[in-house]
Amino acid sequence: MPASTSNTAAPLVDWLFLDLNSYFASVEQQLDPSLRGKPIAVVPVDTDATCAIAASQEAKKFGIKTGTNIGEARRRCPELITVMASHDVYVDFHHKIITEVERHFPVHVIGSIDEMACKLDPPRRSLPAAMDLAQRIKRGLRERVGECITCSIGLAPNRFLAKVASDMQKPDGLVALLPEELPGRLLELELRDLCGIGRRMEPRLHACGIRTMADLWQAERETLHRAWGGVCGDRFWHALHGGASEDDPPAQHRTLGHSHVLAPEQRTPPEAGVVARRLLLKAASRLRRMHYRATHLHLSVRTEDGPRCEAQTKFEPVCDSIELARVLAELWQRVMQQARWQRVKKVAVTLMGLEAEARPQQLDLFASATETASRERREHLSRVLDQINQKRGRDSVVIGFTPDTVRTFSGTKIAFTRIPDREEFKE
């Protein structure tokens, strides 16, 4: 009976949040042992006028962080070493890290290239089991991915608080925020330490009389509703107090697309059309990874003279690149006729009316068995192309001829966002 009582009273957590430490800089140090133990900054271009997009732990001791001007960084740390960013390498390591984490437990949410979260099952919800899982993940990353690849892990009753916990001890931290201990260590934080409170939200909280974490914790839900101007404040209040807000199903994606401002040498209609196709193929690949099918395609172009021309078409749910490329070719003719075949400054393609693959599809009574088989073959081929490009590198295999001037326009790019300013609770 005592053992049963003790087990029932054991602290429980529902989420494990993993945040890689100084990710880009750590990857560079892993690849080049001569950089280990030294202050380095990862930069997009080799000039003191640029800003750091990542800093090693050694550089952070000098106050150098993401967004720090490199000229200023050198004044703070004359020994600073700058390293050109290698985005494709970071993506490759990202996939290796996910593979390693999933050796121990499935990843439920990928927040960014250096963040991921696991929703724990009952056997791992007890604090000792969750701590053991976290330690095994940390050890696995060091042993199988690289000794420089470390992470801070947070454990908490929801994903929001688990992320907060992961930020509380760096590098290589492991912090648990237990429901029965709240607010506890939260009171040590500043408002801006919380994801969802940035430079624009903080003054709005001040206007509601909230200036400290104690104020925030004690605030009524209605007060945060007013500060955020809607249900975002309610969600924040529930998440802060340990509510299982992340258990809600993810929002349905409605659109998916890409746009690009063309370089002068790409603005002739033929080459602009190839850019549009590449944008579409990129979107189609994302569509398949997210397990959706699209029912509409929207194409928009802006000419050098300014006017925007656009067209849209509807079709049966599809996700294969071949059929979508055929639809785009028809739309391109329509749009360019509107634009009178002038030079194109910007092009955008958007897949709309998205439906989950698991959703039952309405079969076409008049479609032949040959047509159905053809559609299935196209989808299979598109997924094979995805696998080849993921393994061999983007554009190892492409649909249609691609001039060299266009082939270089869409290399891998990673958006760098200051995490506290992200609108985690946007409606």
Side-chain angles (χ1 to χ4, degrees), residues 18-100 110-116 141 145-152 167 170-172 258-261 263 278-279 282 285-286 389-396 404-422:
L18 184 151
D19 185 358
L20 295 161
N21 302 138
S22 302
Y23 177 56
F24 297 164
S26 296
V27 170
E28 296 293 349
Q29 290 176 320
Q30 180 63 38
L31 294 174
D32 185 353
S34 70
L35 298 176
R36 298 178 187 178
K38 297 179 181 178
I40 71 168
V42 179
V43 296
V45 290
D46 189 15
T47 171
D48 282 2
T50 191
C51 295
I53 57 176
S56 67
Q57 294 296 330
E58 297 80 7
K60 288 180 177 178
K61 295 177 182 177
F62 292 88
I64 301 169
K65 56 186 179 179
T66 300
T68 301
N69 174 267
I70 294 301
E72 172 62 26
R74 292 194 191 281
R75 286 189 285 274
R76 297 181 186 180
C77 177
E79 296 80 21
L80 181 71
I81 301 171
T82 56
V83 181
M84 287 287 290
S86 304
H87 302 309
D88 290 328
V89 175
Y90 307 148
V91 172
D92 183 50
F93 266 79
H94 169 77
H95 292 300
K96 292 179 181 178
I97 290 165
I98 291 175
T99 298
E100 175 56 32
I110 298 175
S112 66
I113 196 169
D114 61 349
E115 294 181 337
M116 58 199 72
L141 291 178
V145 181
E147 59 184 290
C148 296
I149 308 301
T150 63
C151 66
S152 291
D167 288 331
K170 290 187 174 183
D172 203 22
H258 296 285
S259 63
H260 187 72
V261 176
R278 293 201 61 204
L279 292 173
K282 183 178 177 182
S285 180
R286 288 179 58 200
N389 286 324
Q390 183 176 358
K391 183 176 181 180
R392 300 296 181 184
R394 178 177 292 176
D395 299 332
S396 295
D404 290 340
T405 55
V406 176
R407 215 172 244 281
T408 57
F409 92 96
S410 63
T412 301
K413 298 178 178 68
I414 300 170
F416 304 99
T417 305
R418 186 176 182 275
I419 296 302
D421 284 341
R422 289 191 320 193

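- Residues D167 and S152 have side chains that never bring a donor and an acceptor to within less than 3.5 angstrom of each other.
- The two residues I53 and P44 have their closest heavy-atom pair at CG2-CD, 4.0 Å.
- C51 has its side chain out of reach of T68: every pair of non-hydrogen atoms, C-beta onward, lies at least 4.5 Å apart.
- To the nearest 0.5 angstrom, S34 atom OG is 7.0 Å from I81 atom CD1.
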Going through the checks in order, is the side chain to side chain contact (heavy atoms under 4.5 Å, CB included) test met by L20 and I149?
CA-CA 7 Å; L20 295 161; I149 308 301; 4.1 Å; yes
Dump the intermediate steps for side chain to side chain contact (heavy atoms under 4.5 Å, CB included) on L80 and K38, then the final yes or no.
CA-CA 8 Å; L80 181 71; K38 297 179 181 178; over 6 Å; no
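- For E115 against D19, the heavy-atom pair with the smallest separation is CG-OD1, 4.0 Å.
- Rounded to the nearest 0.5 angstrom, I40 CD1 and S26 OG are separated by 8.0 Å.
- Ring pair F24/H87 is perpendicular by interplanar angle, where above 60° counts as perpendicular and below 30° as parallel.
- What you find for A49 and N69 is that their closest heavy atoms are O-ND2, 3.6 Å.
- Between the side chain of S285 and the backbone N or O of K282, no donor-acceptor pair lies under 3.5 Å.
- The side chain to side chain contact (heavy atoms under 4.5 Å, CB included) check on E58 picks up Q29, P39, S56, with sequence neighbours excluded.
- Residues P33 and L31 approach most closely at CD-O, 3.6 Å, considering heavy atoms.
- For the pair A55 and A25, the tightest heavy-atom approach, listed with the atom from each and the gap, is C-CB, 3.7 Å.
- For the salt bridge (charged side-chain N to carboxylate O under 4.0 Å, His left out) condition, the pairs that include at least one residue of residues 72-82, sequence neighbours left out, are D48-R74, E72-R75, E72-R76.
- Looking at R286 and H258, their side chains do bring a donor and an acceptor atom within 3.5 Å of each other.
- Heavy atoms only, all atoms of each residue included: C77 and I64 are closest at CB-CD1, 4.0 Å.
- Atom OG1 in T82 sits 6.5 Å away from atom CD1 in I70 (nearest 0.5 Å).
- In this structure, L18 CG and I97 CD1 are separated by 8.0 Å, a value rounded to the nearest 0.5 Å.
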Under the side chain to side chain contact (heavy atoms under 4.5 Å, CB included) rule, what do Y23 and V42 come out as? Steps first, then yes or no, please.
CA-CA 10 Å; Y23 177 56; V42 179; over 6 Å; no
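- To the nearest 0.5 angstrom, K96 atom NZ is 13.0 Å from I98 atom CD1.
- For residues 23-37, the salt bridge (charged side-chain N to carboxylate O under 4.0 Å, His left out) pairs, not counting sequence neighbours, are R36-E147.
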